[in-house]
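Input: a single structure, listed below in structure tokens.
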Amino acid sequence: GMIVASAVPAIDVSATLGYSDGAQASLNTYNHQSGSGGAFWLYESTERGNTEYEYGVDPDTGFMDYSTISGISVTQCEVPLVSYEQSRDFKTPAEQDGVPKEDIFLGCYTIAPASSTHTGASAFFWYLLPQSHFLAAWSNILGYTSLPGNKFTYAEALQSPEVLATKSLANFKGVAEESLYDANNTDGTGLFPQGSNILTELHYDYDSYSPDDPYAEATSSCPSSSVINNLCREGSSSYNPCYNPKLGYPSTKENPSVNDAIGYLASLVVL
């Protein structure tokens, strides 16, 4: 009982950091989250909604009236991820046309949970806290069932959060019990498999902020629209580079399953 009670604040944080904030950021910005997904993983996509407004005209002046909106159009666009190597290679516009699609990712992925960053002495410290194991077990259940269409059974209790995150995304169902996730919607890109568990980062080319040649072409780590035809930001530069997976991601490490976490709790009782 004490373990459950002491873990409640962390559970509340996991529900906020692990899902809600990320879902909002995914729709409203051209960024990707650089931190971990919180107590459990975070669902993320390269797809965004690009909103354009049509303004009315003031009948008295004939000028645009920005206080009156006559129409709104929403189109889908992409904010791609690129490989670590491409993210360090800032290219001229002509060179951006040659970025291979196997160095680009489009689609859905999952941001790794905070527990994936615990290594060495940090991992041992968290192992000694019983609350962390209870939270790990609860987060697996919460993360897997946060998308409609998923039921947590004994089979899922044996699987790591990395496996559960990908499985949950693949089984995502709508109100008509139809799949809302198309793993083939990648525009031919293939940097890593759909639903992979990663951490992202953004690398800037600070040298290009003050180039020696003021007439030099702007460079970017992003592909051009000839490679990805529905980019959200055409002509991205060193000021707006593309995000990339951190080195080591997608990780081959698997964090504890629900059954593993229960076993760790039992081992602490013995100790």
Side-chain angles (χ1 to χ4, degrees), residues 3-4 6-23 32-45 81 84 105 108-147 150-172 181 191-201 244-271:
I3 292 176
V4 174
S6 63
V8 166
I11 293 172
D12 177 65
V13 170
S14 76
T16 301
L17 295 183
Y19 189 65
S20 302
D21 286 357
H32 291 275
Q33 179 166 318
S34 295
S36 69
F40 69 92
W41 59 87
L42 174 105
Y43 299 102
E44 182 63 284
S45 171
L81 298 174
Y84 182 90
F105 177 83
C108 294
Y109 64 95
T110 54
I111 299 176
S115 58
S116 68
T117 64
H118 298 156
T119 58
S122 172
F124 182 70
F125 169 78
W126 285 102
Y127 165 74
L128 295 176
L129 294 179
Q131 292 91 340
S132 68
H133 304 303
F134 177 83
L135 180 59
W138 173 249
S139 296
N140 280 7
I141 299 172
L142 185 64
Y144 185 72
T145 58
S146 63
L147 290 181
N150 295 306
K151 295 181 180 179
F152 200 91
T153 67
Y154 181 76
E156 283 70 42
L158 299 172
Q159 296 173 325
S160 69
E162 289 77 15
V163 173
L164 290 176
T166 304
K167 183 178 177 181
S168 176
L169 189 61
N171 293 337
F172 178 30
Y181 172 63
L191 178 57
F192 52 81
Q194 292 288 304
S196 291
N197 216 233
I198 67 170
L199 291 177
T200 63
E201 64 181 1
N244 64 277
K246 290 184 178 181
L247 281 178
Y249 289 91
S251 175
T252 56
K253 171 190 173 185
E254 291 192 357
N255 285 287
S257 66
V258 168
N259 283 4
D260 291 334
I262 294 173
Y264 293 147
L265 277 172
S267 69
L268 285 178
V269 172
V270 174
L271 291 177

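It should be emphasised that the depicted structure is a prediction, and the values quoted were computed from it without experimental measurement.
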For the pair [X] (side chain) and [Y] (backbone), establish whether a donor and an acceptor sit closer than 3.5 Å, ignoring hydrogens and angles.
X: Thr110; Y: Leu42; answer: no
X: Glu156; Y: Ile141; answer: no
X: Glu44; Y: Tyr109; answer: no
X: Asn140; Y: Asn259; answer: no

Answer yes or no: is there a side-chain heavy-atom contact under 4.5 Å between [X] and [Y]?
X: Asn244; Y: Glu201; value: yes
X: Thr166; Y: Pro193; value: no
X: Pro250; Y: Asn197; value: no
X: Leu169; Y: Leu147; value: yes

In Å and rounded to the nearest 0.5 Å, what is the CG to CG distance from Leu247 to Leu199?
11.5 Å
Search all heavy atoms of [X] against all heavy atoms of [Y] and return the closest pair with its distance.
X: Ala137; Y: Val258; result: O-CG2, 3.5 Å
X: Gln194; Y: Cys108; result: OE1-N, 3.0 Å
X: Leu265; Y: His133; result: CG-CB, 3.7 Å
X: Asn150; Y: Thr145; result: O-CG2, 3.8 Å
X: Ser45; Y: His32; result: O-CE1, 3.7 Å

Could you walk me through whether Phe105 and Ile198 pass side chain to side chain contact (heavy atoms under 4.5 Å, CB included), step by step?
CA-CA 12 Å; Phe105 177 83; Ile198 67 170; over 6 Å; no
Does the side chain of Tyr43 come under 3.5 Å of the side chain of Ser168 through a donor N or O and an acceptor N or O?
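On atom types as modelled, these side chains qualify, holding a pair under 3.5 Å.
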